[in-house]
Amino acid sequence: MLDPKLLRTDPETLRAALRRRGDDGLLDHAIMLDSRRRALQSRVDDLRARRNAVSESIGAILKEAKGDDAAVARAEAAKAETRELKATLDGLEAELTASAGEFDAAMLQIPNLPHPSSPLGSREEDAEVVKVVGEPPAFDFETRDHLELAGAGIDMERGARTSGSRFGYLTGDIALLWMAVSRYAIDLLRAKGFTPVNPPVLVRREALVGTGFLPGDEDAIYAVPGDGLYLVGTSEVSLAALHLGEILAEEDLPLRYCGISACFRREAGAAGRDTRGIFRTHQFEKVEMFSFCHPERSWEEHDWLLSIEEEIAQGLGFHYRVVNIAAGDLGSSAAKKYDIEVWLPGQGRYRELTSCSNTTDYQARRLDCRMRPVEGSLRPVHTLNGTAVTSSRTVIGILETHQQADGTVAVPEALQPYGLPAVLGLS
RNA sequence: GGAGAGGUGGCCGAGUGGUUGAAGGCGGCGGUCUCGAAAACCGUUAUGGGGCGCAAGUUCCAUCGGGGGUUCGAAUCCCCCCCUCUCCGCCA
């Protein structure tokens, strides 16, 4: 959520920033609702002040003049006045509640302001290539894609039989490969001070509203209506909600967590896209970085999280590039987002491997997560998130990058300490 | 699933209808004392919103898990919901 005060103090800056996203539609509406809300608030407050004053006088009258008929009569007259005030107030308060509700609803739909360095545009191709690292691996044989390489290790047919399309079984060496990858990432993050967390994956609506996924992405999210819960698409949601409604001490920041969890995505708008293998599935596992950060240090933190993602990509021997996502292609909560796109020999192109966002104070406001500074008053923290590794795309990257002529896969050295042979003889 | 107890400020904890936004303690901040520190003592210390003000500030409103209700007036009484704890039952 944006700082509501900015609607009054600096609407033109807001408008300019939102236009870079191509999404300033709700701004004027919100500004109008805000002034309506405030006008009502004033009237209601004045009436309440009057009611409170009269009401207090009743107490004083009754206390001092027990049995005095004149005093009792004055008290009764005062009661009659407050009853009248109450009738007026009831109507106005209902209007105020409705008006405030409309305002909140509008504010919840306005996305975060993009950072000036987010490129213009609204499509994936509008992203700016920040850097390219390494060279595409060269093969002197016909390359295979991850599904061919994995053989029985990735079983989409049986996955579909059990759960439908876009579900798969990871078995044998592929299951172990994921465990090795995740443990590699967790150890690396732990050494950098992240606290490992195994979070809830079924969450209340508030957690999704707080992270900016709702309202808006209901099509993308699995709901369990009977219990009023939702399955998270990323542990970002549960990790962000970890400090929902809390006040953090300045000296405790940044608080860094790595979430280890399953992720669930309905992939509603993606029918027919990336249907082969485990590139785009309804369920996968992910190790996610999340940081509650001092508001003045979030841009360094963003760069640092990206550098960790790169360290992991390099540790796994990937050829990749880093792109800066266009303003109009950011999710609603990100001010700036870097993706790492890994070169997949099986597809012959760069594909999104990880994502790293600075949501500035946008989520923190919605989550009501604030910092108590050593000096000054409370202010929202900044939150950031980034992918470490996933059981889908990181695993695909390893299989396709390190494939060999005979269809086996050379395990990157970094993973070998985690219970894997040097070569996976899969298919 | 059944029965009971409870949710109060950064934290602990008092408070069953009328200056209670809320005693007391801890913690924090400022000060006295000290070469300095500790201790002791004194003072201070909630959040959100509206109005006025360039600002410091000032004033009003709201907030005692959340939402309704009773009342002139609710932390306090009633109803619903959420959560925590204890016991019983069931079960991975």
Side-chain angles (χ1 to χ4, degrees), chain A residues 1-10 30-66 68 70-104 106-108 198 200-210 224-230 238 241-253 255 292 361 364-381:
Chain A
M1 193 160 70
L2 302 181
D3 182 350
K5 286 201 178 80
L6 294 176
L7 294 178
R8 275 172 275 162
T9 58
D10 205 3
I31 289 172
M32 185 271 288
L33 291 172
D34 181 45
S35 66
R36 201 161 83 188
R37 185 197 107 237
R38 281 184 295 121
L40 274 167
Q41 184 77 57
S42 279
R43 290 178 63 195
V44 167
D45 283 353
D46 288 347
L47 284 171
R48 281 175 177 165
R50 174 71 190 153
R51 178 202 60 193
N52 290 347
V54 176
S55 189
E56 270 179 50
S57 76
I58 295 172
I61 293 169
L62 292 180
K63 189 173 283 181
E64 294 189 12
K66 281 220 161 77
D68 175 346
V72 171
R74 269 189 292 138
E76 285 308 318
K79 284 189 189 181
E81 181 182 354
T82 55
R83 267 191 285 263
E84 260 176 63
L85 283 172
K86 190 188 166 146
T88 314
L89 261 176
D90 280 346
L92 276 178
E93 281 176 338
E95 269 185 69
L96 177 61
T97 304
S99 177
E102 283 178 64
F103 174 67
D104 292 343
M107 288 304 283
L108 284 178
N198 208 196
V201 293
L202 276 168
V203 300
R204 291 209 171 128
R205 192 176 171 84
E206 294 85 86
L208 286 158
V209 171
V224 185
D227 296 285
L229 295 171
Y230 299 83
S238 345
L242 188 57
H243 293 301
L244 187 147
E246 293 185 25
I247 293 166
L248 308 174
E250 180 172 19
E251 59 267 28
D252 291 341
L253 299 177
L255 287 168
F292 295 86
D361 61 358
R365 248 177 237 290
R366 296 165 76 113
L367 292 161
D368 188 27
C369 178
R370 292 171 293 172
M371 167 189 87
R372 183 179 301 285
V374 175
E375 292 265 316
S377 52
L378 301 181
R379 55 192 292 200
V381 300

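Note on naming: letters A, B, ... go to the chains in the order of the sequence lines (proteins, then strands), and numbering restarts at 1 for each one.
K86(A) has no side-chain polar atom (N or O) that falls below the 4.0 Å cut-off from OP1 or OP2 of U71(B).
Side-chain contact check for L40(A) versus R37(A): every heavy-atom pair is 4.5 Å or farther apart. Put simply, the side chain of L89(A) reaches to within 4.5 Å of the side chain of R48(A), judged on heavy atoms. Taking 4.5 Å as the limit, every side-chain heavy atom of T82(A) sits out of range of all side-chain heavy atoms of K86(A). Using a 4.5 Å cut-off on side-chain heavy atoms (C-beta onward), L229(A) and R204(A) make contact.
Rounded to whole Å, the distance from CG on L244(A) to P on C82(B) is 18 Å. Straight-line distance from the CG atom of D368(A) to the C1' atom of G48(B): 9 Å, rounded to whole Å. Taking atom CG on D34(A) and atom P on G49(B), their separation rounds to 11 Å, with Å as the unit. The separation between L92(A) atom CG and G50(B) atom P is 18 Å, rounded to whole Å. C81(B) atom P lies 14 Å from atom CZ of R204(A), rounded to whole Å. Going from atom CG of L89(A) over to atom P of G73(B) covers 10 Å, rounded to whole Å. Put simply, CD on E206(A) is 12 Å from C1' on C83(B), counting in whole angstrom units. What separates CG of L229(A) from P of C82(B) is a distance of 12 Å, to the nearest Å.
For R43(A), the CZ atom sits in a loose shell: 12 or fewer heavy atoms of surrounding residues, nucleotides or ligands are nearer than 6.0 Å. Atom CD of E84(A) is surrounded by 12 or fewer heavy atoms from other residues, nucleotides or ligands within 6.0 Å.
Annotation: G7(B) and G50(B) have their C1' atoms spaced 31 Å apart (nearest Å). Annotation: G68(B) and A62(B) have their P atoms spaced 15 Å apart (nearest Å). The same atom, C1', is picked in G4(B) and in G89(B); the two are 15 Å apart, to the nearest Å. Here the separation of A74(B) from U32(B), taken at their P atoms, is 45 Å to the nearest Å. Taking atom P in both G21(B) and G73(B), one finds a spacing of 15 Å when rounded to whole Å. On the P atoms, C42(B) is 27 Å away from G57(B), given to the nearest whole Å. Atom P of C78(B) sits at a distance of 35 Å from the matching atom of C26(B), rounded to the whole Å. If you take atom C1' in A14(B) and the same atom in A75(B), they sit 12 Å apart, rounded to whole Å.
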Between D34(A) and R38(A), is a salt bridge (charged side-chain N to carboxylate O under 4.0 Å, His left out) present by the stated rule, with each step listed?
CA-CA 6 Å; D34(A) 181 45; R38(A) 281 184 295 121; 3.4 Å; yes
Evaluate side chain to side chain contact (heavy atoms under 4.5 Å, CB included) for M107(A) paired with L7(A), printing each intermediate quantity in order.
CA-CA 10 Å; M107(A) 288 304 283; L7(A) 294 178; 3.8 Å; yes
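Of the candidate nucleotides G51(B), C83(B), G73(B), G51(B) has the atom nearest to the side chain of S42(A).
The two residues D361(A) and P380(A) have their closest heavy-atom pair at CB-CB, 4.0 Å. Nearest heavy-atom pair across G210(A) and R366(A) is O-CB, 3.4 Å. Of all heavy-atom pairs between F103(A) and P4(A), the closest is CZ-CB, 4.2 Å.
Atom CG of L85(A) and atom CG of L92(A) lie 11.0 Å apart (nearest 0.5 Å). A distance of 11.5 Å separates CD1 in I247(A) from CE in M371(A), rounded to the nearest 0.5 Å.
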Between the protein and nucleotides 44-47 of chain B, list every N/O to N/O distance that falls short of 3.5 Å.
unit_1	atom_1	unit_2	atom_2	d
U47(B)	O3'	R370(A)	NH1	3.0

Per-nucleotide protein contact string for nucleotides 55-63 of chain B, where B marks a base within reach and S marks sugar-phosphate only (heavy atoms under 4.0 Å, - for neither):
-----SSS-
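Looking at heavy-atom distances under 4.0 Å, T82(A) makes contact with sugar-phosphate atoms alone, never a base.
Counting only Watson-Crick or G-U wobble pairs whose defining distances are both under 3.5 Å, the stems of 3 or more consecutive pairs in RNA chain B are B:1-7 with B:82-88, B:10-12 with B:24-26, B:27-32 with B:40-45, B:46-52 with B:57-63, B:65-69 with B:77-81.
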